[in-house]
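Start at 1 and go down the list; that is how both ligands and their atoms are numbered. Remember, it's a predicted structure, so these values are computed and weren't measured experimentally.
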Amino acid sequence: MTYRITLIPGDGIGPEVTAAAQRILNTLGLDIVWETHLAGQSALDALGSPLPAETLAAVQNSNATLKGPTATPSGTGFRSVNVELRQKLHLYANYRPARSMPGVPTRYEDVDLIVVRENTEGLYSGLEHEVVPGVVESLRVVTEVASERIARFAFETARRQGRKRVTCVHKANILKLSDGLFLRTCRRVAESFPDIAFDDSIIDATAMKLVINPHAFDVMVMENLFGDIVSDLTAGLIGGLGLAPSANVGERVAVFEAVHGSAPDIAGKGIANPTAIILSAVLMLRYLGEKSAADRVENAVRDVYSLGSARTGDLGGKATTAQFVDALLAAMA
Ligand code: NAD
């Protein structure tokens with residue numbers, strides 16, 4: 001089968017790490033037709049829009065999209081391309097696994113967590129306004145429809161992967177209406193999955209418990225902002241953002257990207273860790289049904305780390321992005 005894959009290089013380290021992932025995917029013997037489209041600051045500079053209509057159409061019409069990080073100005077400027085992409089294309093589920101990498105020293109061994117983040121509403125609804133000068137409001141929208149959809153995704157993911165438990169993470173003790181609805185909906189969906197255990201945990205206690213004992217959790221489902229923060233925490237548990245992949249999944253469209261951002265502090269130096277985007281590409285291969293190709297890349301990544309054959313600066317090594325890819329290709333050969 002021919003796969004039409006949209007490639008969004010993105011900003012900062014995006015072009016470096018997506019090129020690395022593309023190099024790996026091109027050696028797998030798959031029939032991939034790449035279509036490169038701009039988004040983010042690079043698109044604004046070149047085409048006058050951070051999310052051009054042609055990029056949106058390409059994402060919609062391809063089999064899958066591999067996306068580099070895109071920069072978003074803080075406190076001013078254009079709206080996040082990521083939020084816009086996720087909302088416009090109904091990429092309602094953000095799947096963020098965090099699995100220990102052999103040979104990467106961390107506080108805990110054998111961490112194997114999945115964060116499922118609601119990707120379309122909550123505080124990312126984009127509904128902000130000034131009430132009077134000096135007073136602003138950001139609306140935190142929670143709907144039953146989106147809560148049910150994400151809860152089902154979490155349980156179906158747990159079932160498909162042979163997981164034992166789903167934990168709803170929330171702040172329903174304070175946010176009685178919004179997180180109350182989210183928690184109630186998760187509880188109701190749990191009744192349809194009697195083979196998977198269900199419990200809930202308040203977000204602040206969850207952060208503490210994750211740091212003390214990450215093995216206390218399995219699959220965790222939560223609203224948008226909590227998921228954003230908790231998935232950086234779980235990335236930290238396995239060695240950092242350089243290792244954390246993610247998938248944004250909708251009914252018919254999916255966008256695969258690393259959890260990390262554009263890392264302007266190391267952009268253009270050729271030293272970024274490409275592991276997170278390569279593992280995101282592995283998630284993309286699984287989404288496309290290319291299980292053996294996915295296993296081949298993932299196993300080779302794990303071999304590179306367990307043998308210590310290449311390691312980038314974020315993990316205390318000296319390898320460049322290109323040297324890491326060379327080591328990975330050698331492990332795949
Ligand atoms: P960041 O993830 O870009 O960087 C945080 C730290 O991690 C930096 O020190 C960086 O050098 C390091 N780092 C990140 N990825 C790395 C890699 N692959 N290899 C080695 N080191 C790596 O977070 P930030 O600095 O808060 O954000 C920078 C920009 O990225 C912002 O404009 C933000 O909006 C954007 N962002 C985009 C996405 C996305 O497109 N999905 C996600 C998060 C942040």
Quiz prompt | Parallel, tilted or perpendicular: ring planes of Y108 versus H215, cut at 30 and 60 degrees | solution = perpendicular
Which atoms of ligand 1 sit under 4.0 Å from any heavy atom of [X]?
X	answer
A71	32 (O)
K67	40 (O)
D314	20 (C), 21 (N)
V259	42 (C), 43 (C)
P69	39 (C), 40 (O)

Please list the nearest protein heavy atom to [atom] with its residue and the distance rounded to 0.1 Å.
atom	value
atom 5 (C) of ligand 1	L241 CD1, 4.0 Å
atom 30 (O) of ligand 1	S262 N, 3.0 Å
atom 41 (N) of ligand 1	E257 OE1, 3.1 Å
atom 22 (C) of ligand 1	I266 CD1, 4.0 Å
atom 17 (C) of ligand 1	N273 N, 3.7 Å
atom 39 (C) of ligand 1	N82 ND2, 3.1 Å
atom 4 (O) of ligand 1	A263 CA, 4.2 Å
atom 43 (C) of ligand 1	G261 CA, 3.5 Å

Quiz item: Knowing that exactly one of M222, M220, K171 qualifies, which makes a side chain to side chain contact (heavy atoms under 4.5 Å, CB included) with T206?
Solution: M220
If we count only non-hydrogen protein atoms and require a distance under 4.0 Å, does [atom] qualify as touching the protein?
atom	answer
atom 15 (N) of ligand 1	yes
atom 1 (P) of ligand 1	yes
atom 19 (N) of ligand 1	yes

Atom of [X], atom of [Y] and distance for their closest heavy-atom approach:
X	Y	value
T6	V59	OG1-N, 3.9 Å
N273	V17	O-CG1, 3.8 Å
A258	S280	N-OG, 3.5 Å
T18	K67	CG2-C, 4.1 Å

Quiz item: Does the N or O separation between D265 and ligand 1 drop below 3.5 Å for any pair?
Solution: yes
Exercise. Give the C-alpha distance, both sets of side-chain angles, the deciding distance and a yes or no for salt bridge (charged side-chain N to carboxylate O under 4.0 Å, His left out) between D228 and R96.
Key: CA-CA 9 Å; D228 196 6; R96 294 186 158 185; 3.7 Å; yes
Taking a cutoff of less than 4.0 Å between a non-hydrogen atom of the residue and any ligand atom, is [X] in contact with ligand 1?
X	answer
V17	no
P264	yes
T312	no

Practice problem: Out of T72, N248, L315, T70, indicate the one that has the non-hydrogen atom closest to atom 37 (C) of ligand 1. | Solution: T70
Quiz prompt | Near-ring test Y95/F256, centroid separation under 6.0 angstrom | solution = no
Practice problem: Go through E191 and R187 one step at a time and tell me if the salt bridge (charged side-chain N to carboxylate O under 4.0 Å, His left out) criterion holds. | Solution: CA-CA 7 Å; E191 288 167 12; R187 275 197 189 123; over 6 Å; no
Quiz prompt | cation_pi(R140, F182) dist<6.0 Å, angle<=45 | solution = no
Quiz prompt | Heavy atoms of other groups near E130 CD, more than 12 under 6.0 Å | solution = yes
Quiz item: Is the count of non-hydrogen atoms from other residues, nucleotides or ligands lying under 6.0 Å from R79 atom CZ greater than 12?
Solution: yes
Quiz item: Does I13 approach ligand 1 within less than 4.0 angstrom via side chain, backbone, both or neither, non-hydrogen atoms only?
Solution: side chain
Practice problem: Determine whether R286 and K291 make a side-chain contact, defined as any pair of heavy atoms from C-beta on separated by less than 4.5 Å. | Solution: yes
